[in-house]
Amino acid sequence: MKMLKKYLNPKTASQAALRFVALFAFAILAAGCSVSYTFNGSSIDYTKTKTIQIADFPIRASYVWGPMAAIFNGELKDKFVNHTKLQLVKRNGDLKIEGQITQYQQRNKSVSAEGTSALIELTMTVNVMFTNNVNHEEDFERQFTSSKTYDSKLSLSSVQDDLVTQMTEDIVDQIFNATVANW
């Protein structure tokens, strides 16, 4: 009965009605305004571009770490397969990516107060040749580089796997953005 009296009170009833109208107006506005986003990471016209050919990138650097090529090639192919609708083909792709790992080196990044190396920078560079057989105006040849630093007290062999994986992910993202994301 108390609840019923609350709604029969003209002041409370008008506040409730006002709230209802405001809520109803907001619901109609929200339903009328819809924004659609697709976050697949690419801007490809799939009516024209359906396939991608990605060659294995050999290591052409003077310093070589054996697993690097396998890590890079796997990550590059996975990125395009998982973030686009393109079909990976062995030849005659609408898009073609090929190249080589041209540089893999380390250098002293900073010196400690004692005059010894404190940080070491590891750098990886990849040369990429991109061919868009649907629109040759987008073809390019470009280098992509990534660097990571590590404490000189650590051995390269103890951090190499992790650092190469990080640099590979960075370079693959750069290649993806330059080829199909149009960023």
[X]: what forms a side-chain hydrogen bond (donor to acceptor under 3.5 Å, both in side chains) with it, not counting sequence neighbours?
X	answer
Q87	none
N133	none
Q105	Q103

Does [X] reach the side chain of [Y], with side-chain heavy atoms less than 4.5 Å apart?
X	Y	result
I52	T84	no
F80	L95	no
R142	Q174	no
I175	L76	yes

Pair listing, salt bridge (charged side-chain N to carboxylate O under 4.0 Å, His left out) test, anchored in [range], at least two apart:
range	value
residues 90-99	K96-E98
residues 64-77	D56-K77
residues 116-126	R107-E121, K109-E121

Heavy atoms of N92 and Q53 approach each other most closely as N-OE1, 3.1 Å
Between G93 and T51, what is the shortest heavy-atom contact and its length?
-> CA-OG1, 3.3 Å
By side chain to side chain contact (heavy atoms under 4.5 Å, CB included), which residues pair with S155, not counting sequence neighbours?
-> S157, S158
When you group the ILVMFWY residues by side-chain heavy-atom contacts below 4.5 Å and let the links chain together, are [Y] and [X] in the same group?
X	Y	answer
F140	V134	no
Y104	L154	yes
Y46	V81	yes

Which donor-acceptor pairs under 3.5 Å do side chains of residues 58-73 form with protein atoms, sequence neighbours excluded?
| unit_1 | atom_1 | unit_2 | atom_2 | d |
| --- | --- | --- | --- | --- |
| N73 | OD1 | F57 | N | 2.7 |
| N73 | ND2 | F57 | O | 3.4 |
| N73 | ND2 | A69 | O | 2.8 |

If you round to the nearest 0.5 Å, how far is [atom2] of [Y] from [atom1] of [X]?
X	Y	atom1	atom2	value
I54	I97	CD1	CD1	5.0 Å
M129	T131	CE	OG1	8.0 Å
M167	I101	CE	CD1	10.0 Å

Which residues satisfy the salt bridge (charged side-chain N to carboxylate O under 4.0 Å, His left out) test with [X], sequence neighbours excluded?
X	result
K50	none
D173	K79
E141	none

Is a donor on one side and an acceptor on the other found under 3.5 Å between the side chain of N108 and the backbone of I120?
-> no
Hey, can you pull the donor-acceptor pairs under 3.5 Å for the side chains in residues 143-151, sequence neighbours left out?
| unit_1 | atom_1 | unit_2 | atom_2 | d |
| --- | --- | --- | --- | --- |
| T145 | OG1 | T125 | OG1 | 3.0 |
| S146 | OG | D170 | OD2 | 2.8 |
| S147 | OG | T123 | OG1 | 3.0 |
| Y150 | OH | Q106 | OE1 | 2.5 |
| D151 | OD1 | K153 | N | 2.7 |

